[in-house]
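Structure first, commentary second.
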Amino acid sequence: MSQDAGAAAASAAGHAANGPPADAARHALAAGDWQLATTVVLEHWHELVLGDPTILRDLLGLLPPELAEADPELALMAAADRAGGGQPGDPRVAVVRRRRLPLLVAALWLSEAWRAGDLDGVAVAALEMLALLGPGSAGATAPAATAPAATDGAAMAGHAGTTRTATAHDHAARVFALVALAAAERHTGDLDAADASLREGLAVAGRASLERQMVECTAQLALLEADRGRLRAAERTAMEAIELAERRGWAGDVQTAAAHLALAVADGQRADLDAAGAQLDLATSAWGGDAAGGAAPAVVAELAAVRAWLLLAGGDPAGGLKALDAAGQELSSWRPLPYLERPLALAEAELLLAAGETAAARTALDRADGAAPPLPAALLARARLELEDGEPKAAIATLAPLLNGSAAVSSLRLLLEAWLLDGLAARALDDRERAFRSTERALTLAEREGFRLALRSPGAPMRELLAAQLGRQTSHERLVAELLDARDEAPEADGRRHGGREQALIEPLSERERVVLRYLTSALSNVEIAAELYVSVNTVKTHIKSIYRKLDTTGRRDAVRRARELRLL
């Protein structure tokens, strides 16, 4: 071996022992050390697939064909690569199913399906991975993986630093499959199944001390809670994920993206649109930082839908339509997928309705409302359209399945908005008693989770609906008064952005302080707030002390009053 080749080999071995798997494999390939490259790829396949499968493809492409043919395991991977690349007729596919690494094949298929937007394919591949791993739980130890065959015992001994324990591989593979399965379940509407998959994944990751996977599972659970409208749980869980990531130096990594998106949804529902926009930007940046070169279709669609919703909430339906159009252009290279298209069509219908284009809104809603039974969000949008058309009786009939329990409603936000629309329709029919009862139910949900956005929707009917509650014995007098005050101040507030509000503070509130500040509006004690946030009472007291200092107040009531003056609540 020449001196240069020896130095290259030594450098490759050093990267294999200490560097990222992709870098280690590339250095081994550059040095011509095919055995080391093979070892790295086989031992770290799950990291390469999870991080960037294009690197795995590049590595396989750089290997000499004769080596791929001579090494059964490497031949298997080459076949898997071809099968995952859309050539199921390749004769090697039969080999794939007989060889020792079918788990890699399933992982590659899963990754390809995710990046193609094929969530059915994701679910099938994830279930296949779990079946191959066998029965398991957070405390189970999976059977040891077979090590790659070595033709040079000395070489393998010299590269021992590239290997990991089989148990760690199995746990990582199981979490990878469970997170992917949960994503497919969530996007196709089975939130309970997604919750179960994520909690199992979190338990496995916790027992195996896989902290990145713990961050990702926790972040995805936060987003699931946001989907359900459990804003307090979403906020708490998202902060747990972000704080763990920050402690490990992973802030802004792709594993935190779902946590930031969960906070964007929670902040938006609480009508803090500036904070929501900032969190959405962080989520977009984290997903955009994915080494695979762009977010998957499901991510593109979800980010666009949330951005469009926030633009609508800020009074810019035209901007929301532009955001949806941009996403549509990006998604145009993928085949049409109902679970991607329908949420975007629903968002488009809401935006067009807000823009006064009712005919176009009806067309968009018809594109989205093709399911049997129809989606709860589609029923809500249709009722809103019927109210706009002056058909309150039709709206009440459309909302009935959501409110009488015949349609499964997994989101508290949808339920709150359904009760509000029912109240508006009842008031339009001069059924004051029904209007009061329905609005009272909506206010109860708003108090419970901190919803504000839906109750601040523009227009005289909503103001009249809320004002009527004060003329009756409402259980939410303080909340109604706050909402009416906020509506009166809305024109001025619309012209003031987050930066201007923060300038009135001695120092901006941290994300965690914002969370604690919201709890100060409730009747919860410091001990109860600590229990809600899963932190110590001393930690809560420290945050409260900092809030008082930054708001230049000395007590809880003054802090809440001052925060409302600054539009922080």
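Quick caveat, the model's predicted, so the values are computed rather than measured.
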[atom1]/[X] to [atom2]/[Y] distance, rounded to the nearest 0.5 angstrom?
X: Glu200; Y: Leu202; atom1: CD; atom2: CG; answer: 11.0 Å
X: Glu302; Y: Leu344; atom1: CD; atom2: CG; answer: 10.0 Å
X: Glu482; Y: Leu479; atom1: CD; atom2: CG; answer: 5.5 Å
X: Leu353; Y: Arg384; atom1: CG; atom2: CZ; answer: 7.5 Å
X: Leu273; Y: Trp309; atom1: CG; atom2: CH2; answer: 8.0 Å
X: Leu517; Y: Arg564; atom1: CG; atom2: CZ; answer: 9.5 Å

Might you work through the side-chain contact (heavy atoms from CB on, under 4.5 Å) test for Leu181 and Met129, ending with a clear yes or no?
CA-CA 10 Å; Leu181 179 60; Met129 284 186 69; over 6 Å; no
Would you say that [X] contacts [Y] through its side chain, given a criterion of any heavy-atom pair below 4.5 Å between the two side chains?
X: Glu243; Y: Val215; answer: no
X: Arg228; Y: Asp192; answer: yes
X: Lys545; Y: Lys541; answer: no
X: Trp250; Y: Gln255; answer: no
X: Leu379; Y: Leu414; answer: no
X: Tyr519; Y: Leu533; answer: yes
X: Arg270; Y: Phe451; answer: no
X: Arg562; Y: Leu568; answer: no

Closer than 3.5 angstrom, by distance alone: can the side chain of [X] be matched with the main-chain N or O of [Y] as a donor-acceptor pair?
X: Glu449; Y: Leu231; value: yes
X: Asn404; Y: Ser406; value: yes
X: Arg452; Y: Gly268; value: no
X: Arg174; Y: Leu130; value: no
X: Ser438; Y: Ala435; value: no
X: Lys550; Y: Pro508; value: yes
X: Ser332; Y: Gln329; value: yes
X: Thr439; Y: Phe436; value: no
X: Glu528; Y: Ser525; value: yes

How close do [X] and [Y] get, counting heavy atoms only, and between which atoms?
X: Leu387; Y: Ala395; value: CG-CB, 4.0 Å
X: Ala383; Y: Leu421; value: CB-CD1, 4.4 Å
X: Thr521; Y: Arg478; value: O-NH2, 3.2 Å
X: Ala454; Y: Leu416; value: CB-CD2, 3.7 Å
X: Ala275; Y: Asp267; value: CB-OD2, 3.5 Å
X: Ala182; Y: Ala194; value: O-CB, 3.5 Å

Assess the residue pair Leu261 and Trp287 against the criterion (side-chain contact (heavy atoms from CB on, under 4.5 Å)); give the C-alpha distance rounded to whole Å, side-chain angles, the decisive distance to 0.1 Å, and a yes or no.
CA-CA 10 Å; Leu261 189 59; Trp287 262 313; 3.9 Å; yes
For [X], side chain to side chain donor-acceptor pair (under 3.5 Å) partners two or more places apart:
X: Arg232; answer: none
X: Ser522; answer: none
X: Arg556; answer: none

Mind checking what makes side-chain contact (heavy atoms from CB on, under 4.5 Å) contact with [X], not counting sequence neighbours?
X: Ala345; result: Arg367, Ala368
X: Asp389; result: Thr358, Arg362, Leu385, Glu391
X: Ser475; result: Glu440
X: Ala418; result: Leu380, Leu399, Leu402, Leu403

Which is it for Arg437 and Asp422 under the salt bridge (charged side-chain N to carboxylate O under 4.0 Å, His left out) test, yes or no, and what are the steps along the way?
CA-CA 10 Å; Arg437 291 197 310 269; Asp422 192 74; over 6 Å; no
Who are the salt bridge (Lys or Arg N to Asp or Glu O under 4.0 Å) partners of [X], not counting sequence neighbours?
X: Glu211; answer: Arg248
X: Glu386; answer: none
X: Glu185; answer: none

Could you verify whether a donor N or O on one side chain and an acceptor N or O on the other, from His260 and Gln279, lie under 3.5 Å apart?
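Yes, because at least one side-chain N or O of His260 sits under 3.5 Å from a partner of the opposite role on Gln279.
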Counting only heavy atoms not in Arg236, do more than 12 sit closer than 6.0 Å to its CZ atom?
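Yes, CZ of Arg236 has more than 12 neighbouring heavy atoms, counting only those of other groups under 6.0 Å.
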With side chain to side chain donor-acceptor pair (under 3.5 Å) as the test, would you mind laying out the steps for Ser536 and Thr539 before giving the verdict?
CA-CA 5 Å; Ser536 69; Thr539 298; 2.8 Å; yes
How far apart are the C-alpha atoms of Glu341 and Leu331, what are their side-chain angles, what is the distance that settles it, and do they pass the side-chain contact (heavy atoms from CB on, under 4.5 Å) test?
CA-CA 9 Å; Glu341 290 187 326; Leu331 293 169; over 6 Å; no
Would you call Arg382 and Asp366 a salt bridge, using N to O less than 4.0 angstrom?
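Looking at Arg382 and Asp366, the cut-off is met.
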Given side-chain contact (heavy atoms from CB on, under 4.5 Å), test Leu455 with Leu443 step by step and report yes or no.
CA-CA 8 Å; Leu455 292 153; Leu443 291 168; 4.0 Å; yes
Step-by-step salt bridge (charged side-chain N to carboxylate O under 4.0 Å, His left out) determination, Arg212 to Asp253
CA-CA 10 Å; Arg212 275 194 182 273; Asp253 284 8; 2.9 Å; yes
Could you pull out every donor-acceptor pair under 3.5 Å between side chains of residues 218-226 and any protein atom, sequence neighbours left out?
unit_1: Thr218; atom_1: OG1; unit_2: Met214; atom_2: O; d: 2.7
unit_1: Glu225; atom_1: OE1; unit_2: Arg230; atom_2: NH1; d: 3.4

Name every donor-acceptor pair, under 3.5 Å, that has one atom in a side chain of residues 311-320 and the other anywhere in the protein, sequence neighbours excluded.
unit_1: Asp316; atom_1: OD1; unit_2: Gly319; atom_2: N; d: 2.9

